[in-house]
A.B. asks: 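Sharing a structure below in structure tokens format, with a few things to ask.
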Protein chains: 2
Amino acid sequence: MKIAEVAQQFDISSDTLRYYERIGLLRPVARNASGIREYGESDLARIEFIKCLRGAGVSIEALTAYMRLLDEGDGTLAERKAILEQQRGLIQQRIDEMQAGLARLDYKIAHYEDLIVATEQKMQQ
Amino acid sequence: MKIAEVAQQFDISSDTLRYYERIGLLRPVARNASGIREYGESDLARIEFIKCLRGAGVSIEALTAYMRLLDEGDGTLAERKAILEQQRGLIQQRIDEMQAGLARLDYKIAHYEDLIVATEQKMQQ
DNA sequence: ATATCCCTTGGAGTGCACTCTAAGTCAAGG
DNA sequence: CCTTGACTTAGAGTGCACTCCAAGGGATAT
């Protein structure tokens, strides 16, 4: 699979895919005879995982650390699990903060509904 | 209330508070005879609101637009409500994405638990 | 053969939201 | 009187995560 196809499939720009590779988030991708990237199954799986966790707000740094350990093999299982658990905690914290914001907005919006009704009634007098 | 006290109360740096004022997110704060900022009740209320929504990921731009309308008065009620509703939607979307990431991590973490147990058992043979 | 198009690279530029620096002012304490 | 420490300003710098640019290579379509 060439870079543009991968980009389309995951809705990630080609630039971003090359960037991920350059900073070591993706392993060097195989090339064809013309030097063009040919993404394989395992690349796609990693990209999908990265996309999911980036979408959840996990940092490039954490993801890179995880991927590096993944390449190092079985000896890093516990360390990898620790990273995932830490990131899980961070995501949960952020969700909690967002839920608080959401609740606040809901309260405000309800208040605005009342205010707008009141203002409209005043207009009619 | 002086800037350092406000900063401590809301866990926002003095730099950030001055920055918010400079970009028009906060109205110009009253000064004492020496030119030092004296934050009033309404400033504090706005800062608290800003802190809550920034924490939820609402952009400076959206908050600034909202605050500007707030200063313009009652005629902007509907417009303000629209901003809040839009931001509510954005927050909800981001929460959904994060929930997906969380689910993915939970799955992975459970998988790692199994893998680590398996690896330890292999070691003992 | 020439145009089109996607690919390549290294490096520069962008947007957001701060965060810091330098140089200076002012009130209070020793 | 002098030091200390919190405050002031304009403007520069930072970190993150892309995003774009210029210049060039190679396969395909007319």
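Here is how names work: the chains are called A, B, and so on, in the same order as the sequence lines, proteins then strands, and each is numbered from 1. Heavy atoms only: backbone and side chains are in, while hydrogens, waters and symmetry mates are out.
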A.B. asks: Please indicate whether B:Q99 has more than 12 foreign heavy atoms, meaning atoms of other residues, nucleotides or ligands, lying under 6.0 Å from its CD.
C.D. replies: yes
A.B. asks: With a 4.0 angstrom cut-off to heavy atoms of chain B, pull out the first and last contacting nucleotide of DNA chain D, in 5'-to-3' order.
C.D. replies: D:dC7 to D:dG11
A.B. asks: Work out which heavy atom in B:A56 is nearest to a heavy atom in A:G101; give both atom names and the distance.
C.D. replies: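 Closest approach of B:A56 to A:G101, heavy atoms only: CB-CA, 3.8 Å.
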A.B. asks: For A:M98 versus B:I91, what's the shortest heavy-atom pair and its separation?
C.D. replies: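 Heavy atoms of A:M98 and B:I91 come nearest at O-CG2, 3.8 Å.
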A.B. asks: Minimum heavy-atom separation for B:A62 and B:S59, please, with both atom names.
C.D. replies: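 Closest approach of B:A62 to B:S59, heavy atoms only: N-OG, 3.0 Å.
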A.B. asks: Is any side-chain heavy atom of B:E113 less than 4.5 Å from a side-chain heavy atom of B:I109?
C.D. replies: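 Result yes, sub-4.5 Å side-chain heavy-atom pair found.
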A.B. asks: Does the ring center of B:Y66 lie less than 6.0 Å from the ring center of B:F49?
C.D. replies: yes
A.B. asks: When you look at CD of B:E72, are more than 12 heavy atoms from neighbouring residues, nucleotides or ligands closer to it than 6.0 Å?
C.D. replies: yes
A.B. asks: Please evaluate residues A:R68 and A:E79 with respect to the criterion salt bridge (charged side-chain N to carboxylate O under 4.0 Å, His left out), reporting the C-alpha separation (whole Å), side-chain torsions for both, the decisive distance (0.1 Å), and the verdict.
C.D. replies: CA-CA 11 Å; A:R68 191 177 42 71; A:E79 221 176 325; 5.6 Å; no
A.B. asks: For atom CD of B:Q9, is the number of surrounding heavy atoms from other residues, nucleotides or ligands below 6.0 Å larger than 12?
C.D. replies: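 For B:Q9, atom CD is crowded (more than 12 foreign heavy atoms under 6.0 Å).
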A.B. asks: May I ask you to list the residues of residues 14-23 of chain B, by number, that have any heavy atom positioned under 4.0 Å from an atom of DNA chain D?
C.D. replies: B:R18, B:R22
A.B. asks: Which ones in residues 36-67 of chain B lie close to DNA chain C, meaning a heavy atom under 4.0 Å from one of its atoms?
C.D. replies: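 Those residues are B:R54, B:S59, B:I60.
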A.B. asks: What is the distance, rounded to the nearest whole Å, between atom CD of A:Q8 and atom P of C:dC7?
C.D. replies: 11 Å
A.B. asks: Looking at B:K81, B:R80, B:E85, which hits side-chain hydrogen bond (donor to acceptor under 3.5 Å, both in side chains) with A:Y112?
C.D. replies: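 It is B:R80, the one option of B:K81, B:R80, B:E85 that forms the side-chain hydrogen bond (donor to acceptor under 3.5 Å, both in side chains) with A:Y112.
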A.B. asks: Using atom NZ of B:K2 as one end and atom C1' of C:dA28 as the other, report the distance to the nearest whole Å.
C.D. replies: 10 Å
